[in-house]
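This report refers to the structure that appears directly beneath it.
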There are 2 protein chains.
Amino acid sequence: MEGRKLGQLRVEPGQPIVAEGLQDDRLYTVLEGWAIRSKSLPDGRRQILNVLLPGDLLGLQGELMGAAQHGVEAVTRVNLCAFRRDTFLALAQADPSLGLDIAWLSALSERFSDDILLSVGRRTAMERVAMLLVHLHRRAASAGLAENGTIAFPLTQPHIADALGLSTVHINRVLQALRRQGLIRLAEGRLAIGDLRALRRVAAYWEQPAPQRPLL
Amino acid sequence: MEGRKLGQLRVEPGQPIVAEGLQDDRLYTVLEGWAIRSKSLPDGRRQILNVLLPGDLLGLQGELMGAAQHGVEAVTRVNLCAFRRDTFLALAQADPSLGLDIAWLSALSERFSDDILLSVGRRTAMERVAMLLVHLHRRAASAGLAENGTIAFPLTQPHIADALGLSTVHINRVLQALRRQGLIRLAEGRLAIGDLRALRRVAAYWEQPAPQRPLL
DNA sequence: CGTTGATTTGAGTAAGATCAAGTCGGGTGG
DNA sequence: CCACCCGACTTGATCTTACTCAAATCAACG
């Protein structure tokens with residue numbers, strides 16, 4: 001799809017990429033930076049649905065259906081690569097496997113959603129936080145963002161709270177407990193995991209088979 | 001795809017359709033009955049990810065990626081139509097628009113997931129229950145299951161609890177409150193909504209634009 | 001019948017929310 | 001350059017929502 005690039009987009013921290021309820025006929029790839037996809041209630045309560053890291057595709061979920069049902073916001077400075085949705089669709093007409101690629105990506109992201117829903121619905125606060133940190137550390141590392149085991153971690157405690165359905169005050173206390181137990185180091189925007197095995201145990205998490213694409 | 005049908009499958013209430021962690025190389029369509037897709041923690045806590053109604057497709061999410069990361073279980077007696085995944089893939093090779101159809105379906109189901117995550121993460125118990133009932137009533141009605149405003153409602157209170165991340169005891173009290181306020185009638189496996197407007201207000205929900213397929 | 005699971009109700013408890021206040025750092029405007 | 005402001009982070013105290021435990025009723029079923 002490289003040739004079909006519509007343009008590149010730079011968004012500053014805290015700025016919206018896609019506004020909730022607005023139509024946007026583009027698809028994006030995150031080239032650099034962190035972003036969040038979220039949805040809010042009329043009174044302001046917010047749920048973060050997804051954390052977007054470099055390499056992630058944006059615009060498949062709701063945007064295939066007209067107006068976005070969620071907002072997307074930059075956490076750090078974000079660089080995006082934009083495509084027009086219709087050229088993308090034309091492309092999919094020409095190349096059948098592209099549609100399947102898309103379906104596979106949706107399946108992958110749905111699996112993440114399932115895990116998050118399990119966390120938010122059934123895990124305790126400490127389990128949720130441990131889970132999120134393990135998950136993000138792994139994703140960031142596999143996106144090539146790790147430097148000797150630590151990753152840049154731009155999410156604030158309010159972000160974590162909104163991602164996990166908890167209050168910021170409680171997030172703060174849980175993080176401190178995890179630090180006290182030596183399970184994580186999290187300071188100055190960097191995260192290191194002290195004891196991955198133990199942190200996984202805290203998260204009531206066990207390794208899932210790596211996603212492999214069995215198709216084709 | 002009609003010609004590619006592999007066979008029909010009947011599953012009794014409470015029986016598994018897909019076991020958690022098992023490989024299954026089929027795709028299914030629900031012809032009749034209710035089923036749930038769920039995921040569990042090692043200690044038994046369970047989260048229902050999804051309620052499947054007639055017309056729903058099953059097997060797109062995790063199954064595209066090898067072993068299922070979740071279980072699927074019949075709630076009522078369920079009739080399924082089974083396809084082999086590989087013939088499906090071959091078909092998608094031949095007809096590009098099928099891949100896009102699949103992508104669109106994934107997008108739709110992801111939008112449902114987003115709503116559920118918002119509920120579980122940020123709504124109160126009463127809001128969650130109201131939301132779920134409105135949502136299921138609408139889906140069941142649009143699947144043609146409504147009879148003068150009421151639908152068969154086979155989910156038990158433990159089911160609702162596991163879908164919303166609450167305890168069964170609490171679900172019971174919330175349901176009674178909703179009944180007392182005349183917002184719902186729920187008895188003997190049938191659900192009627194007394195005052196949809198009010199129930200939506202309780203759910204902190206406002207109408208979303210109906211999903212339309214803008215593709216092609 | 002006896003068992004099993006759903007539903008209901010009451011009583012006590014706990015996880016996490018809310019309220020409040022203070023610290024710190026970065027950014028802005030005077 | 002400095003005063004101010006804002007948001008993130010932190011800590012303590014209190015409160016509430018929803019959980020846990022327990023027990024009774026009921027219907028379905030073998």
Side-chain angles (χ1 to χ4, degrees), chain A residues 12-15 34 36 41 43-48 73-77 119-130 132 152-180 184-191 202 204, chain B residues 12-15 34 36 41 43-48 73-77 119-130 132 152-180 184-191 202 204:
Chain A
E12 295 302 312
Q15 294 305 305
W34 289 42
I36 52 171
L41 293 175
D43 66 1
R45 284 173 285 173
R46 179 175 78 161
Q47 178 67 38
I48 291 178
E73 178 184 315
V75 175
T76 63
R77 171 176 298 183
S119 279
V120 173
R122 287 308 189 192
R123 277 189 242 252
T124 67
M126 171 141 302
E127 290 167 348
R128 285 183 223 185
V129 173
L132 181 72
F153 191 85
L155 297 186
T156 65
Q157 291 177 11
H159 283 137
I160 299 175
D162 282 344
L164 299 178
L166 297 165
S167 70
T168 68
V169 173
H170 202 56
I171 292 294
N172 185 280
R173 296 194 230 264
V174 170
L175 285 177
Q176 287 178 52
L178 287 172
R179 280 193 270 245
R180 253 197 319 278
I184 61 166
R185 266 162 296 134
L186 175 57
E188 295 148 24
R190 293 201 73 82
L191 166 70
V202 167
Chain B
E12 294 302 313
Q15 294 305 304
W34 290 41
I36 52 171
L41 292 175
D43 65 1
R45 283 172 286 173
R46 178 175 77 159
Q47 177 67 38
I48 292 179
E73 179 184 314
V75 175
T76 63
R77 170 175 299 182
S119 279
V120 173
R122 286 308 189 193
R123 277 188 242 252
T124 67
M126 172 141 302
E127 289 168 349
R128 284 183 225 185
V129 173
L132 181 73
F153 191 85
L155 298 185
T156 65
Q157 291 177 13
H159 283 136
I160 299 175
D162 281 345
L164 300 178
L166 296 166
S167 70
T168 69
V169 173
H170 202 56
I171 291 294
N172 185 280
R173 296 194 227 265
V174 170
L175 285 177
Q176 286 178 52
L178 288 173
R179 280 194 269 246
R180 253 197 319 277
I184 61 167
R185 265 162 298 134
L186 175 58
E188 295 148 24
R190 294 202 72 83
L191 166 69
V202 167

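Labels below follow one simple rule: chain letters A, B, ... track the order of the sequence lines, proteins then strands, and each chain is numbered from 1. The figures here come from the full heavy-atom set of this structure, side chains too, leaving out hydrogens, waters and symmetry mates. Just so we're clear, the structure is a prediction, and the values are computed from it rather than from any experiment.
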Return the value, rounded to whole Å, for the distance between atom [atom1] of [X] and atom [atom2] of [N].
X: A:Ile160; N: D:dA8; atom1: CD1; atom2: P; answer: 12 Å
X: A:His159; N: D:dC9; atom1: NE2; atom2: C1'; answer: 14 Å
X: A:Glu127; N: C:dG16; atom1: CD; atom2: C1'; answer: 14 Å
X: B:Arg173; N: D:dA18; atom1: CZ; atom2: P; answer: 12 Å
X: A:Glu73; N: D:dG7; atom1: CD; atom2: P; answer: 13 Å
X: B:Gln176; N: C:dT7; atom1: CD; atom2: C1'; answer: 9 Å
X: B:Glu188; N: C:dA6; atom1: CD; atom2: P; answer: 18 Å
X: A:Glu12; N: C:dG27; atom1: CD; atom2: P; answer: 13 Å

Which nucleotide, [options], lies nearest any side-chain atom of [X]?
X: A:Thr124; options: C:dT7, C:dT9, C:dG16; value: C:dG16
X: A:Ala125; options: C:dT7, C:dG16, D:dA18; value: C:dG16
X: B:Val169; options: C:dT18, D:dT20, C:dT7; value: D:dT20
X: B:His170; options: C:dT9, D:dC9, D:dA18; value: D:dA18
X: A:Arg179; options: D:dT11, D:dT10, C:dT7; value: D:dT10

Over all heavy atoms of both residues, which pair between [X] and [Y] is shortest? Give the atoms and the distance, please.
X: A:Pro13; Y: A:Val75; result: CB-O, 3.4 Å
X: A:Thr76; Y: A:Trp34; result: OG1-N, 2.9 Å
X: A:Arg123; Y: A:Glu127; result: CA-OE1, 3.3 Å
X: A:His159; Y: A:Ile48; result: O-CD1, 3.4 Å
X: A:Leu164; Y: A:Gln47; result: N-NE2, 4.4 Å

Between [X] and [N], is there a side-chain N or O to OP1/OP2 distance below 4.0 Å?
X: A:Arg128; N: C:dA15; result: no
X: B:Arg123; N: D:dT17; result: no
X: B:Gln157; N: C:dG5; result: no
X: B:Asn172; N: C:dT7; result: no

Nearest-nucleotide comparison on DNA chain D, the residue closer to the 5′ end among A:Leu175 and A:Arg122: A:Leu175
Sugar-phosphate only, base, or nothing, as touched by A:Ser167 at under 4.0 Å among non-hydrogen atoms: base
Touch class at under 4.0 angstrom, heavy-atom based, for A:Gly165 against every strand present: sugar-phosphate
Short N-O contact, B:Arg122 and A:Asp162, less than 4.0 angstrom: yes
Which residue lies more 5' along DNA chain C, comparing B:Pro158 with A:Ile171 via nearest heavy atoms: B:Pro158
